[in-house]
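I have placed the structure first, in the form of C-alpha cells, so that the comments after it can refer back to it.
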Amino acid sequence: MQYQCQGFDETFDPEGQPRPACTEFYRRLQMIGPDELGRRQQAAELQFRNAGITFNVYGHEDGVEKVWPFDIMPRVLDGEEWSRIEAGLRQRVIALNLFIDDVYNERRIIRDGVVPEELLQTSKTYRPEMQGFSPTHKAWCHVNGVDLVRDKDGQIYVLEDNLRCPSGVSYVLENREVMKRSFSQVFHGVSIAPVEEYPERLLQTLLSCAPPSAHQPLAVVLTPGVYNSAYFEHTFLAQQMGVQLVQGSDLTVVDDVVFLRTTHGLHRVDVIYRRIDDDFLDPECFRKDSCLGVAGLMRAYRAGNVALANAPGTGVADDKAVYAYVPEIIKYYLDEDAILSNVPTYLCSDGRQREHVLGNLDKLVVKPTNESGGYGILMGPQASEEDRTAYADLIRSNPRNYIAQPMLQLSTVPTLIGDRLEPRHVDLRPFVLAGESVYVMPGGLTRVALNAGSMVVNSSQGGGSKDTWVLRN
Amino acid sequence: MLSRVADSILWMSRYIERAENVARFIDVNFNITLGADSDDPLQWAPLVYTTGDQDLYKELYGDPERDSVLRFLAFDDKNPNSILSCVSQARENARMVRDSITAPMWEQINRFYLLVLASAKHAGALAEPTAFCDEVKLASHALVGHTYTTMSHGEAWHFSRIGRLLERADKTSRILDVQYYHLLPSVNDVGSALDLVRWNALLRSTSALTMYRRMHGSIVPDRVADFLILDRDFPRSMRFCVMRAQDSISEITGSRPGTFTCRTEQLAGRLRSEMDYTAIEDVIREGLHEYIDRFQLLLNGIGEALQADFLSPADQTKTPTLQSQRQG
C-alpha cells in the first residue's frame, strides 16, 4: 500500500507501520483488494441514499437535503487512550454544569475572582431570566458534544464545547449500522465498544430530569421543523427513543402546564428535549417574533412543571471566550487539573492578547465566540491579505466577539479517495449525557475533511464522516 | 396522536394512491393506443380530464398530444398531480413524521421517490411508459404492504387508510365518469355496438377486469357501473372505499355502531348507508354523471369535516413557518 503520512496519522506510525490498536484491522484490510474496497464504499453510499439519511444545507435553492457523506475506512482509537479521554470529558461536563449553576445563582466563582464578571455580562448567551433557578439534579447541559482534535504532536485537545443543541449523534449510530451491513468483514476479531445504547441512555437521562410530581413522565423531542439542518437527527432520536417528535405548534401551555395537542384532546408533557435555540423557545420570554416556540413555555418551566434539555441559558458556558477559562473552572469546582487540554486561546477582549492576535493574523485561526457550524471563521494562514485586513476591522469593532487560536495540524486517517487510500484530516465529537448520572458514549462522530490538505471538517462545508471504533483492550 | 402527524400521514398515503392511479391511467391508455389505426390525439384528451387538470394542461401545452400529456402526467413539476409531484409531496409528508411511521415504510417511500426522480431525468422513460408505470404501481403496493405489516393498526394506520380510500373512491368515480361519457355520450347509445377494447381498458384502469368477469361475465355497461360504484367486496369500488373509510373513522372515534360523535362520522355514515341501500337502477335513473357529481361533493364534504374535526381544529391552526436556525 502506498500511503504517505503527513503529520500525525491515526492508523500508521511515522515508519508506515500500523499502530498497535490498528494491527488487527490492518491485517484484515490487507486481505481485501482495492476493487472490493470500492464496492463496499458504493454499497455503503447506496444504503445512506436509500434510507434517506440526510442533512440539510442552508442557502441552496433546491435540494436542501444532502445524503450524509461517509467513508468506509474507520477511525480506530485505542481503549486505554479512550479511558483517559472519557475521564477528561466526564470531568469537563461535571465542572461546566457546576459553573452554570453557580453563575445563575451564588456567583461564587466571580466573587472569588476566577472568572471576570464582565465576561458574563457581555455574553450573548447569558440569560438573565434564569437567575435564581436550578434545574433538577442541577443538570443544565444534559447533552454535550465536545469537539476534540489531535495535533501534530499526537496530543488530544478540546477544540470547543457544544452545550446548546449539539448535532451528530444520529450519524454515529447510522455510520455504525451501515458499516456493519456493508463492510462486515473488517469487524471480525476486533472487539469494539458498542454505541447502540445511546438512545436508551438519552431517554433515561431525560426522564431522570422530569418534575418529581410526574409519575409516568412523558418526554418529547421539540424540533424547529423539516427545514432545520438537523431535522433528520430529530426524527431519528424521537423514533429511537419511542417518543413523539413535536413542533412548537403541537404544544400549548395552560395554567403553566405544557400540553400536546392530539386528535383526542390535550396530553400533559413532562420533559422536552428541545432542539430549538433559546431565542426561539418562547415568544413571551425571548424573541417575540418566534413562530417555532411555545408561548408560556418558560412560565411552565420556572414553575417546575416541565423539564427542558438542555436548560435555557446553558449557552453561557459554550461561549468561546468562556472556553478559555475552562481549565480554571475545573480547578475551582473540582480541585483537579484538567485531564484534557484546551487549545491555547487568545481573548480579543483583553488588550494585550488582542494586539498579539492583530499582529499575527497570518498564523492564527480567529473565531466568533457565538457561532457554530464553521461559520464566520478566519483561517489566517490560508486567508488573503485583504480578508485578514477586513477581519482585523471586525475584531477592532467588537473585540469581545472574537478569540484566536494557533492553527493546528489535525491528525489524519486513511480515507478512500477514488480507488486509493489517502490521508485526510479528522476531528472527533464525542457525546456526553448528564442527568442523574453522567454517560460518555464510546467514540463519537469522526468528521473528515475530504479535500486534500483541508482542515475544514464540517458537513455543511463539504466534510465527510467515518465510523469511530473504540477498542476494548 | 398529534393532529399534525395525523394530517401528514393521511396526505402521505393519499398522494401515493394518487400517483398509483395516474400510473394506471397512463398505462392503460398507452396500451389502447397501440395497434389503433392512427395515433389519434383525441385519445389522450380523456386522460387529462380524468385527473381533473385540463385547465392547467391547456395553459401549459395547448391541445392534448401524446408526448406532452405523458410528460404532464408523469414528470411535470408544475402539475401538482403529476406522479413526480405526488411522490415528492408524499415523501415530504413522510419526512415530517418520520418518527411516527416505520423504517420500512420510510425507506419504501424514499426509494419510490428516487425511482421516479431517476426516471424523470431519463430521456427515454416515456417512449415506453409501461415499464415505468409498472414500477410505480409496484412501489405503491409495496408501501401499502409495508404499512399493513409493519405499522400497528392503531390511529395512525387508520388515518393512512382513510387517506388512501378517499383518494381511491375519488379516482374510481372520475374514471368512470369520464370514460363512461366517452364511450356512451348519450343514453341512446346504450345497446349500440360496444367498443370492447375501451370497455376492457376502463375496467383495467381500475384493476377490475378479472374480478368483474368473475362477478358478471360479459361486459355490459350498466353492470360495469354497478361493479365500480356499488360492489361490496371489490377494493376499488366507490362503495367499498366509503365503507372501509367509515370503519376507520369509527375506530378512531370509538363511537358505537349506528351513532356518531362528530361531523365526519355523520357524513361518512350517511353516504355509506345511502350506498348500502342503492341499486344501479337508481343510479341510472338519477343519471350516472349526476350521481357521480353528487358523490364527489359528498366525498369532499367528508374530507373537509375530517380536516376540521381531527387534523386542524380552528384553535390549533398556525401559519406554516420557514424560519430556520443553525445548530452546532
Side-chain angles (χ1 to χ4, degrees), chain A residues 49-52 54 56 58 65 145 147 160 162-168 221 223-250 252 260-264 267 275-277 279-280 289-292 318 371-375 460, chain B residues 1-10 77 88 91-115 117-118 154-156 158-159 249 252-254 262 264 306 309-313 315-328:
Chain A
R49 192 172 155 75
N50 279 338
T54 58
N56 293 359
Y58 297 123
E65 240 187 304
D147 288 348
E160 63 184 55
N162 295 282
L163 307 179
R164 285 171 278 179
C165 298
S167 291
V221 175
T223 175
V226 72
Y227 299 102
N228 186 266
S229 63
Y231 185 73
F232 165 77
E233 174 150 308
H234 306 162
T235 60
F236 178 89
L237 290 175
Q239 185 193 42
Q240 292 284 310
M241 291 191 287
V243 307
Q244 301 203 64
L245 179 69
V246 307
Q247 299 181 6
S249 55
D250 298 322
T252 184
L260 277 178
R261 302 174 198 267
T262 77
T263 49
H264 289 279
H267 280 254
R275 296 291 299 254
I276 292 185
D277 287 345
D279 276 341
F280 296 98
D289 62 342
S290 172
C291 313
L292 302 174
D318 78 358
E371 280 288 355
S372 59
Y375 293 92
S460 52
Chain B
M1 68 187 302
L2 292 175
S3 300
R4 176 179 55 80
V5 172
D7 188 63
S8 286
I9 288 180
L10 182 131
D77 55 16
S88 323
R91 180 179 183 274
E92 202 53 18
N93 275 288
R95 199 159 80 87
M96 287 194 275
V97 296
R98 195 163 168 172
D99 59 304
S100 305
I101 61 177
T102 67
M105 287 169 69
W106 160 256
E107 281 203 29
Q108 179 57 29
I109 290 187
N110 192 49
R111 282 164 185 259
F112 195 169
Y113 170 71
L114 295 173
L115 160 95
L117 207 60
E155 220 182 328
H158 284 295
F159 275 110
I249 294 165
I252 292 166
T253 58
C262 63
T264 314
L306 194 74
D309 286 339
F310 298 100
L311 308 179
S312 52
D315 68 318
Q316 299 194 358
T317 47
K318 258 198 174 170
T319 18
T321 168
L322 279 164
Q323 234 171 329
S324 65
Q325 55 158 333
R326 287 176 191 151
Q327 293 201 349

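Here is the naming used below: chain letters follow the sequence lines, and residue numbers restart at 1 for every chain.
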- Between Val246(A) and Arg4(B), which heavy-atom pair has the shortest distance, and what is it? CA-NH2, 3.6 Å
- Note on the structure: Applying a strict 4.5 Å limit to non-hydrogen atoms, the region of Gln108(B) in contact with chain A is neither
- Query: Roughly how far, to the nearest 0.5 Å, is the OG1 atom of Thr263(A) from the CE atom of Met1(B)?
  - Reply: 6.5 Å
- Given side chains that start at C-beta, do those of Phe236(A) and Arg98(B) come closer than 4.5 Å, heavy atoms only? no
- What is the minimum heavy-atom distance between Asn110(B) and Ala51(A), and which atoms define it? ND2-C, 3.8 Å
- Among Asp99(B), Thr102(B), Ile101(B), side-chain contact (heavy atoms from CB on, under 4.5 Å) partner for Gln239(A): Asp99(B)
- Atom OG1 in Thr262(A), atom CZ in Phe310(B): separation rounded to 0.5 Å? 11.0 Å
- Task: Let me know if Phe159(B) has heavy atoms under 4.5 Å from chain A in its side chain, its backbone, both or neither.
- Result: side chain
- Nearest heavy-atom pair of Arg261(A) and Leu2(B): which atoms, and what distance? O-CD2, 3.2 Å
- Message: Below 4.5 Å, heavy-atom pairs only: which of Ile252(B), Ile109(B), Leu114(B), Thr253(B) has the largest tally toward chain A?
- Response: Leu114(B)
- Query: chain B: which of His267(A), Gln247(A), Gln240(A) shares the most heavy-atom pairs with it under 4.5 Å?
  - Reply: Gln247(A)
